Structures are given as C-alpha cells and as structure tokens.
**Q** 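Pasting a structure below so you can have a look.
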Amino acid sequence: MDFLAGLNPQQRSAVTHVEGPLLLLAGAGSGKTRVITHRIAHLVEAHHVPGPAILAVTFTNKAAGEMRDRVLKLLGNPEYRAAPLVSTFHSFCVRMLRRDGKRLADIRPGFTRQFNIYDDDDQVALIKQIFRNVGLDEKFMQYRAMASWISHAKSRKQSPQEMYGSSKDPKTSRLATVYERYEDRLRQANALDFDDLLLEAVRLLEHDEDLRRQYGRRYEFLMIDEYQDTNRSQYELMRLLTGEHQNVCVVGDEDQSIYGWRGADIRNILDFERDYPKATVIRLEQNYRSTKNILEAASAVVAHNIERKGKWLWTDAGEGEKIGLYEALDAENEALFIADTVERILSANPSERVAVLYRTNFQSRQIEEALRRYGRNYLVVGGFSFYQRAEIRDLLAYLRVLVTPHDSIALLRIINTPARGIGKTTIEQMEQFALANELSLWSALRRILDEQAFSARAEAALRAFERMVIELTDLLNTEPLDEILRRVMERTGYGRMLESDNDPESESRLANLNELVNAAAEAAERGETLTDFLDHAALVADADGLDERAAVSLLTMHNAKGLEWPVVFMAGLEEGLFPHSRSLDSNAGMEEERRLCYVGMTRAQKRLILSWARYRRRFGGGQPEACVASRFLKEVPRERIAKLREDAAGGRQVDLYAERHEVRETVKRNLYTGQTYNSLDNIAQYFAERGIAAPRAPAPATRAAAPAAQVPPRPAAPVAKRKPVGPGSSVNHPKYGRGMVLRREGDGEEAKLTVSFPGYGLKKLVVKYAGIKLDE
DNA sequence: TGATTCTACGGTCTC
DNA sequence: CGTAGAATCA
C-alpha cells in the first residue's frame with residue numbers, strides 16, 4: 001500500500017521522516033492524525049521497524065482507540081503481538097508500573113505493583129477526611145482547590161517539608177500539613193493519584209537504569225500527539241524514553257493549548273527546538289476541514305494573542321456560509337433558538353451531525369430542556385458519567401477493598417453501605433485510633449477488635465464485616481471477574497438493598513450494576529484481570545463517551561478538542577462566561593480562553609453559529625443579570641458575520657417550566673443523566689479495553705417524537721401524559737418480569753427494545769412479538 | 001443508628 | 001436550582 005498517496009508535500013515529508021527529532025506544527029484540520037498514522041505505517045512497511053518498537057501517545061482513550069484502529073487498518077490488521085502500542089500517557093505509566101515497577105519500592109516505601117489508583121473523587125474524599133482530622137472545613141479552602149494546590153505542588157516537585165521551610169504565614173503551613181498527610185495516606189493505602197502515575201513512572205525510570213535502557217531500546221520510535229498540552233512530567237517521560245535515540249516526533253499546535261490550568265506547559269512546544277537542536281520542523285498549514293469564512297474568523301480571533309509562534313492557515317475550500325450570530329434575550333431564548341435551528345437543519349437533512357459547544361457544563365441544562373421540547377434526542381458528553389454513579393463507585397470500592405483492605409478511602413465508602421450497624425461514632429473511633437497509631441483503617445479495625453475496645457453492638461457488626469471481607473477476598477483467586485461481582489453484590493447485601501426499597505431509582509441502579517457485571521464478563525473474556533478492570537474504570541474520561549453517530553452532541557469546548565462536525569453551535573459568548581470570569585485578570589488566562597475559542601470555532605466544517613444572551617441568571621432562583629457580548633465576537637471580522645433574526649423562537653418569553661420538570665423526572669428514572677442516546681454503547685465503550693470496531697449504524701435513530709417545525713405549544717401538565725416506551729421506561733415481560741428499557745430502535749410495534757431484567761441481564765425484544773406491557 | 005427534613009451556600013475546564 | 005452537611009426525629 002502506498003502511504004504517500006494523496007498527501008501534500010509537507011505531509012509527505014513528515015511521513016517519510018525517519019530518524020531524529022521531528023516537530024510537527026499542525027494547525028487545526030490540517031490532517032495531523034492522518035500524518036501520524038501514515039508515518040507509523042510507513043515506518044513499519046518501508047523501513048521494517050517492528051510494530052511493537054513504536055509507541056504513540058495521545059491524550060484520551062478515545063483518541064488512542066481511534067488511532068489504533070486506523071493504524072491497524074493501514075497495516076492490514078496484524079496480530080496483536082506485532083502491533084504498535086498506542087496509548088494514553090496515563091495508561092502507559094500504569095502499564096509500566098504494574099509490569100516493571102517493582103523497584104519503585106526502593107524509593108517509595110510500601111509500594112507494590114498491586115497499587116490502587118485514586119481518581120479525583122477519591123482525592124476529594126481523602127482531603128475531606130484529612131480536613132476532618134485536623135479540624136478544618138471547606139471554609140478554609142475548597143476540597144477541589146486543595147486538591148489542585150497539592151497537584152501543583154507535586155508537579156513542581158516540592159515536598160511538604162520544603163513547604164514548611166518556605167512558609168511564612170500560618171495558612172501555608174496548614175496547607176503543608178494537609179499535603180503531608182495526603183501523601184502519607186496515599187502511601188499507607190498503596191495508592192497513586194493521577195499525578196503520581198506520571199511522577200512515579202518518571203522517578204522509576206530515573207532510579208532504575210536498567211529499566212530505562214530496556215525501555216529506550218524497546219521503543220525505538222516515539223510519537224506524541226497534542227504535544228502543546230503536555231505537562232512537566234510528561235515532558236520528562238519523553239526525555240527519559242528517548243535518551244538513547246532521540247527518535248521522537250511530537251505533533252501539536254500552540255494555538256490549541258487549552259490545559260494550562262491542569263499543568264500543561266506551553267513551553268514544551270515553544271522550546272522543542274531548543275531541547276532538541278537537531279530537530280526538523282514541519283508546518284502543516286493547509287486546512288482541509290472548514291470553509292474559508294470559518295477558518296478566517298477563527299484565525300482572526302486567535303491572532304489577537306501575543307504568545308504564539310504565529311501561523312496562518314489557508315484553505316482551498318469556498319467561502320461557505322457566513323458565521324451566524326444570534327443575540328438572545330435571555331438564556332432560555334438562546335436555548336430555544338438553538339433547538340429550533342437544530343430542528344430545521346435536521347429536518348432538511350436528517351443525517352446531519354450537529355454539536356452544541358459551551359464553556360461550562362451547567363449551560364447544558366437549558367439546552368437539554370429546549371431540545372427535549374422538540375422531542376429531539378441528544379448525547380451529553382461529560383457531566384455525570386456512568387462510572388461516577390454512586391452504585392458503580394460503591395461496587396468498585398468493594399473490589400478495591402478486596403484487593404487492598406488498606407485502601408481506607410474505599411473502605412470508608414462501603415463499610416456501612418448498605419447499612420449494617422456501623423455508625424458514625426464507631427467509625428470516628430476507628431479513625432482516631434488509626435490516626436494515633438499510624439495505621440490504616442483496616443488495621444485499626446482489627447486491632448481494636450483484638451483489644452475488645454468496641455461496644456458490644458459495634459463489635460458484632462464489625463466482626464461480621466471483617467468476616468465478610470475475608471471471605472470475599474478468597475474469591476479473588478478462584479472466580480472469574482463477573483462472578484466475583486455477582487457474589488459481592490449478593491454477600492454484601494447490596495443487591496438486596498436495592499431490590500427491597502421501592503424507589504424507582506433503585507431499579508435503574510440495579511440495571512446499572514447488571515451492566516457493570518456484563519462489562520466485567522466481557523473484560524474477563526478478553527483476559528483482563530481485576531486490576532485491569534479497575535484501572536480502566538479509573539482512567540476512562542468523559543470525552544471517551546462520545547459517539548460520532550449521535551445527531552446532536554452537547555459538550556464543553558474542552559471536550560471537543562480533536563473532533564469535528566458539519567454544524568457547530570457555540571453558546572454563551574458573554575464576558576465573564578466566555579471568556580470566563582476567572583481568566584479576566586491575567587493575560588495568560590485570557591490568551592488560553594482565546595485559544596479555546598479558536599478550538600471551538602475550528603471544529604466546524606460547514607456552518608458555525610455563535611450566540612449570546614443579553615440576560616442570564618446565575619442561580620436558579622435569582623434575578624437575571626445583564627450581560628455584555630464576549631470580546632471574541634468583536635474579534636471576528638464583521639464581513640464574515642450574518643446576524644440571525646432577532647425574533648427566532650417567536651421572540652416571546654417561553655416558559656420552560658413544564659419541560660424542566662419532565663427532564664428532571666426522566667433524568668431521575670434514567671440511567672445516565674442526559675445521555676438519552678445509545679447509553680448502552682457508551683458503557684461498552686467505557687469498558688472496552690481495545691478499540692473494538694463498533695458496528696456502524698446507518699442513520700442514527702435519535703428521533704424520539706415527530707419533528708416540529710414550529711415551537712410546539714406548551715404542554716398543559718407535565719405529568720399524566722402517555723409517554724412512548726423509551727429509555728427509562730419500566731416494562732413487564734411474561735417470563736422475565738419487570739425490567740428497565742435501556743434503548744429503543746425504531747417506532748411503534750416494530751420497535752426493538754433493549755431491556756435489562758434483574759436476574760436475567762440484557763434482552764433485545766421486539767415489542768410486537770414479546771408481549772410486553774408498559775408499566776406505570 | 002438510620003432516615004428524613006432543613007438550611008446555607010455557591011457554580012471552569014479534567015487525565 | 002442543586003447539593004452537602006447539620007439538625008431532628010423515630
């Protein structure tokens with residue numbers, strides 16, 4: 001196969017570059033994924049580099065999966081053993097630490113390769129606990145703020161001790177105290193947080209010279225995507241891996257650096273040529289994605305930045321439509337305008353794909369409400385996802401406790417869920433004891449039991465708990481993954497707890513857990529171990545939930561990075577919202593917002609519609625506040641803009657109350673907040689380790705109700721209305737009993753339902769034949 | 001101890 | 001408006 005066909009000269013020279021450092025400055029839509037994948041294929045086919053000697057690193061699992069698919073396809077689907085490794089930084093580090101991390105114990109006492117991963121919810125739980133212990137609360141500092149403070153300290157490699165040394169005020173030394181305890185607790189639980197995954201991988205390679213050489217030889221060629229968003233440890237990792245050969249190709253665009261707040265260091269890309277003096281630099285400046293109007297508008301905005309290398313993308317494409325601009329009366333009107341326009345676009349062309357982008361997640365709510373008003377299904381990316389749900393986290397916490405009972409955060413989570421008589425006082429007693437004797441909660445529990453220092457009632461409860469954990473631990477070596485989960489649900493009483501109460505929500509929780517069991521079974525079939533499964537659950541990202549087949553996707557601009565749609569809306573272009581108020585006082589912050597704007601705009605292929613609202617309320621009940629149009633709007637050349645009708649959506653104030661009520665109710669019943677579209681596929685995606693080729697559905701069945709050309713009249717009452725059977729409905733089946741509908745394909749009698757029946761798992765049923773009844 | 005109600009408070013982006 | 005934690009009651 002000719003991997004050079006159809007490439008422009010710059011792309012071609014990037015693909016054919018073999019040895020030595022290469023910096024690829026690839027503008028938005030310039031075909032960089034194509035270049036990376038073709039370069040990998042070219043190395044393998046033309047230069048006979050063994051596949052596994054190539055390591056490509058991306059930012060999200062999703063991007064990695066996609067790239068892997070494309071590479072494998074180019075290579076004619078080689079065996080797994082012969083395939084290049086495509087991974088995220090985090091997964092790569094986890095893999096290294098699990099396989100070859102033994103010697104990290106030299107420099108991190110207590111470390112074993114069975115470590116746990118603490119995600120940010122675990123971090124917050126831990127910080128909360130520490131605050132409690134040292135008598136602080138959220139008034140001192142918000143938990144998340146504390147977490148990011150610690151993260152920054154870590155990325156600067158400042159130890160708590162150094163913090164003490166340099167602290168001048170009592171606040172800083174308190175921060176240092178929390179930081180110190182935080183680190184102690186992680187070590188005690190043999191846990192690593194997201195920062196540690198990278199930091200410890202770096203430390204391991206620095207410490208273990210043999211391993212460093214081994215890795216340097218194993219991966220002869222390294223590629224890094226989205227290089228502008230790498231942080232310090234990722235940079236160091238790159239240096240360590242390429243110490244032997246310098247065969248590194250980084251691809252990035254300084255104009256798309258949007259993760260400064262997360263520690264991304266834009267200097268990594270700006271200084272690449274200094275770090276690798278022999279670097280070849282290639283610029284990809286031809287855009288193949290957008291119309292001229294879109295490209296010029298986006299370029300004009302980002303040209304207002306000072307901190308950039310400077311480039312100007314060009315395109316062969318025609319002018320295309322002008323950028324639409326809509327000035328809404330208020331946020332509800334804006335949402336209605338978007339929904340209305342989406343409806344027009346989709347009724348003209350049902351196979352069109354549309355994205356609505358916004359700065360902050362909370363903006364999605366109103367847009368969801370408006371879309372539902374039109375019966376239009378949509379996919380929300382981000383927000384509250386499957387693996388963040390309480391029941392999922394609970395069950396995963398049980399598994400973590402079985403792996404390491406010293407994981408105190410996990411233990412604390414499940415010790416009294418379901419309620420088993422271990423109350424606040426008992427737990428406090430254990431915490432105090434653990435603190436005083438520097439023990440994990442689990443060790444403390446056992447010690448106190450030995451010393452018979454609990455009240456009789458508490459003691460009985462704790463003994464039963466202890467026995468249960470030990471019993472379940474035995475399963476780890478004998479049972480397959482899904483069976484372990486089932487047994488945990490049964491033995492802990494978690495399943496019974498959900499079955500016995502009549503809360504409609506419990507039913508969907510149960511369905512979620514069944515789903516988790518299914519995911520575990522699939523993982524087991526792929527030969528994954530329990531740790532693999534837990535790793536995966538910890539490392540999935542919101543963006544991984546995206547499904548391109550959705551007709552309408554709602555997501556933040558951050559999550560939209562690397563993606564494209566024919567039609568893109570950008571909502572809420574107001575000073576203080578976008579650019580966000582937190583970035584108004586610093587130049588660097590403002591430039592990052594502007595880059596984000598550039599990223600958002602360049603997602604659009606054919607049509608870009610910007611909107612803002614003159615009034616928006618900050619809290620649900622408060623008064624609407626007057627807004628000023630975003631400065632970014634003024635930075636778009638006037639002649640590229642077409643103002644859209646002022647009176648869209650009837651120009652009248654519309655009360656979305658009824659819809660809002662209904663959305664809330666559905667959301668409560670539904671499995672995945674907002675994700676009314678193909679939620680099942682999402683879960684499969686969350687847990688699929690490798691990018692299995694999802695079957696390409698033809699036209700997405702995203703329509704829930706007949707399209708309305710006009711704003712439909714407001715429903716009289718939000719309740720007591722006959723709803724079509726769809727996700728969230730509960731149905732009755734003659735054989736399987738009651739079950740929850742997860743997905744519907746098709747309409748009426750022909751509709752095919754995917755239903756989760758407690759005890760039977762998932763069934764696909766056709767309404768007409770199955771004889772199921774809708775449950776009220 | 002556990003379930004329920006009340007109240008105060010507050011909102012970037014995320015591997 | 002939604003949530004977390006406090007306060008209250010069974």
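The chains referred to below are lettered A, B, ... by the order of the sequence lines, with proteins before strands, and numbering in each begins at 1. Not measured: the values here are computed from a predicted model.
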**Q** Side chain of A/T425 only, heavy atoms from C-beta on: which candidate in B/dT14, B/dT1, C/dC1 is closest?
**A**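 Nearest nucleotide to the side chain: B/dT1.
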**Q** If only side-chain N and O atoms of A/T360 are considered, is one of them under 4.0 Å from the OP1 or OP2 phosphate oxygen of B/dC13?
**A**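 Indeed not, no polar side-chain atom of A/T360 lies that close.
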**Q** Would you say a side-chain N or O of A/T60 is under 4.0 Å from OP1 or OP2 of B/dC15?
**A**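 No, outside the criterion.
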**Q** Under the salt bridge (charged side-chain N to carboxylate O under 4.0 Å, His left out) definition, can you give me all pairs with a residue in residues 568-581 of chain A, not counting sequence neighbours?
**A**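 Checked against salt bridge (charged side-chain N to carboxylate O under 4.0 Å, His left out) - neighbours excluded - the pairs reaching residues 568-581 of chain A are A/E574-A/R616, A/E575-A/R631.
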**Q** With sequence neighbours excluded, tell me which residues meet salt bridge (Lys or Arg N to Asp or Glu O under 4.0 Å) with A/E635.
**A**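 Salt bridge (Lys or Arg N to Asp or Glu O under 4.0 Å) check on A/E635 returns A/R594.
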**Q** Applying side chain to side chain donor-acceptor pair (under 3.5 Å), name anything that partners A/Y143, two or more places apart in sequence or on another chain.
**A**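 Partners of A/Y143 by the side chain to side chain donor-acceptor pair (under 3.5 Å) criterion come out as none, since no residue qualifies.
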**Q** Does a side-chain N or O of A/K128 approach OP1 or OP2 of C/dG5 to a distance below 4.0 Å, or not?
**A**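 Yes, such a contact exists.
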**Q** When the C1' atoms of B/dC13 and C/dA4 are compared, how many Å lie between them, rounded to an integer?
**A**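 Nearest-Å result for C/dA4 against B/dC13 at atom C1': 23 Å.
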**Q** What's touching nucleotides 2-8 of chain B from the protein side, N or O pairs under 3.5 Å?
**A**
unit_1: B/dG2; atom_1: OP1; unit_2: A/G421; atom_2: N; d: 2.7
unit_1: B/dG2; atom_1: OP2; unit_2: A/N416; atom_2: ND2; d: 2.9

**Q** Select base, sugar-phosphate, or nothing to describe what A/S581 touches, counting heavy atoms under 4.0 Å on all strands.
**A**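 No contact.
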**Q** Does B/dC13 have OP1 or OP2 sitting under 4.0 Å from an N or O in the side chain of A/N559?
**A**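 No, A/N559 has no side-chain N/O under 4.0 Å of OP1/OP2 on B/dC13.
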**Q** Could you tell me whether A/E183 and A/K154 make a salt bridge, using a distance below 4.0 angstrom between a side-chain N and a carboxylate O?
**A**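 The answer is yes: the pair qualifies as a salt bridge.
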**Q** Using a cut-off of strictly less than 4.0 Å, decide whether A/N361 has a side-chain nitrogen or oxygen near OP1 or OP2 of B/dT14.
**A**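 Yes, A/N361 has a side-chain N/O under 4.0 Å of OP1/OP2 on B/dT14.
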**Q** Do the side-chain N or O atoms of A/Q142 get closer than 4.0 angstrom to the phosphate oxygens (OP1, OP2) of B/dG11?
**A**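 Answer yes for this pair, as a side-chain N or O of A/Q142 is under 4.0 Å from OP1 or OP2.
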**Q** Choose from B/dG11, B/dT14, B/dC15 the nucleotide whose nearest atom is closest to any side-chain atom of A/F194.
**A**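 Between B/dG11, B/dT14, B/dC15, the one nearest the side chain of A/F194 would be B/dC15.
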**Q** Between A/Y143 and C/dT3, is there a contact of a side-chain N or O with OP1 or OP2 at under 4.0 Å?
**A**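 A/Y143 to C/dT3 OP1/OP2: no side-chain N or O under 4.0 Å.
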**Q** Partners of A/R595 by salt bridge (Lys or Arg N to Asp or Glu O under 4.0 Å), sequence neighbours excluded?
**A**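 A/E592.
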**Q** Just jot down the salt bridge (Lys or Arg N to Asp or Glu O under 4.0 Å) partners of A/R463, sequence neighbours excluded, or say none.
**A**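 For A/R463 the salt bridge (Lys or Arg N to Asp or Glu O under 4.0 Å) partners, ignoring immediate neighbours, are A/E459.
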